[in-house]
Amino acid sequence: MRQVAARVGIEPSYLSKIERGLPAPLSEGKIRALSLDLGENPDFFLALSGKVSSDIQEIIRKRPELFAELIREMRKMPDHAVLRLVREVRDGNW
Amino acid sequence: MIELRNDSLVCTFPGTVAHGTKLIISFMKTLRVPDDGRSYPLPPGLGLFPLEHVDDSRQVVPESWNEHGGVMLPMYQSEAMWIDFTSSYVDEHEVRYPFAVKVAAGKMNAITGEFWSNGISRDPQDYMVVPGQPWLDGYSVDKGFIRQFVAMPLGEGYSAEGQITGSEDVGGLQIAVYPMKKEAFEKRWPRKPPIIEKPLYLRGGSGTVTMLSVAEKGMGMAAGGRIRQEIYEDHFDLSEWDLNTSSRCFVHLANSQAWRAITGNHPSTKAPTAKQYSLHGLPWFDYYSDRKSLLGSDILNKLKSVIQFGKARRQNPLPENDSVDPGNIIRIDKPQSLDQVREWSGRSE
């Protein structure tokens, strides 16, 4: 635990708190560093902390209505249906 | 249907060919071989060019790009490229699915030098067959030789389009893909009985919008140095290709400045020169196949290379064009097997 804490740049006692599920807010950068160190998906760790990745926030902020509607539409869709969403390269007039 | 996935074009034909079959087309950064009259082995792949939908930048790309649709990628002036084709393996038939692929630059066919037409032709053959043709590095100028694709600004006359037609209105690359008909495929390679595996029990574990002008910012493909590369004859029957089920894509070439303006991203680093690369003893490649190859195009053989064209105008378009002696040449005969790749994965600068 000490080694992981040192690599991520937090106090071991703080990491211990996180491990025990006690309130210990971390910045997005530290969460990313921790997830990468542990070989986990950063988005998953961010979600556990009640956060959304800043790049995703930026995407939503650019077209908030569109993405809010899209996400609400997709909330009940099974994973395979979400993954099947494709975007075709548009062919025009040459 | 063509999708853009991981900086590659993924061509699929739902409902018409074997399930899950696809052709992946990628655009590889590479070093520019010297344009010195000598012939060189195949240069390495140095990573993929980034690709973006033209539609993602509708308000800032030239109007003609919106009209053409497709995708765009950034290239530096006099930067080289090769195109990689990978078709998917169909387990039930134990073979890769065949596709006919047609490539043009500035709407001039890269195999025949003729103006773009839809469909494919056998006389002369104006397309390649994948698998069998894993890469295309440039214009087919002679039997066993191509002249490398080298990006040059439109409007200066260097491109094949400019030299053949006298104008440079189109630029970019154009690609069309035709799958083999499903019936023809299944006739040639009947379905193999499924292998039933015995169970295994011991398994381990918004700012100001500025419209850009194509004349200022577009790029076209000129003919660079000579490379040893065969373009293979189609050994299938023409009637086996499904000409009603094509997918095609226009690939726009943005210079680095335009790419920054359009996407806000910096293009990736420049490839090393052939001299820098060879000095470190890094590998070049030769591809061997016993298939019959095409003769090359008389039209394309008459193209002036970038150096020849520049010299006629007292220009020096390729300042770093020193001849090299590639010593480390790797022979490839199974390009789509996992252990043989035409890439050098080191840093490109």
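Note that the structure is predicted; figures quoted are calculated from it, not measured. A, B, ... follow the sequence lines: proteins, then strands. Residue 1 opens every chain.
Judged purely by atom type and a 3.5 angstrom limit, Arg90(A) uses its side chain to pair as donor or acceptor with the backbone of Asn66(B).
For Lys22(B), the NZ atom sits in a loose shell: 12 or fewer heavy atoms of surrounding residues, nucleotides or ligands are nearer than 6.0 Å. Annotation: Glu11(A), atom CD; neighbour count of heavy atoms from other residues, nucleotides and ligands within 6.0 Å does not exceed 12. No more than 12 heavy atoms of other residues, nucleotides or ligands lie within 6.0 Å of CG in Asn6(B), so this atom counts as exposed by the packing criterion. Environment of CG in Asp79(A): sparse, with no more than 12 heavy atoms of neighbouring residues, nucleotides or ligands closer than 6.0 Å. Other residues, nucleotides and ligands contribute over 12 non-hydrogen atoms within 6.0 Å of the CD atom of Glu58(A). By the 6.0 Å contact criterion, CZ on Arg61(A) is enclosed, its count of non-hydrogen atoms from other residues, nucleotides or ligands being greater than 12.
Two residues are said to be in side-chain contact when any heavy atoms from C-beta on lie closer than 4.5 Å; Asp55(B) and Arg87(A) meet this criterion. The shortest side-chain heavy-atom distance between Val89(A) and His53(B) falls under the 4.5 Å cut-off. When side chains are defined from C-beta on, Trp94(A) counts as touching Arg248(B), because their heavy atoms get closer than 4.5 Å.
In terms of heavy-atom pairs under 4.5 Å with chain A, the best-connected choice from Leu4(B), Asp56(B), Val10(B), Val71(B) is Asp56(B).
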Asn93(A)/His68(B) under side chain to side chain contact (heavy atoms under 4.5 Å, CB included): CA gap, chis, key distance, verdict: CA-CA 5 Å; Asn93(A) 296 321; His68(B) 295 148; over 6 Å; no
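Once rounded to the nearest 0.5 Å, the distance linking CE of Met1(B) with CG of Asp91(A) reads 14.0 Å.
Heavy-atom distances place no part of Asn118(B) under 4.5 Å from chain A, backbone and side chain included.
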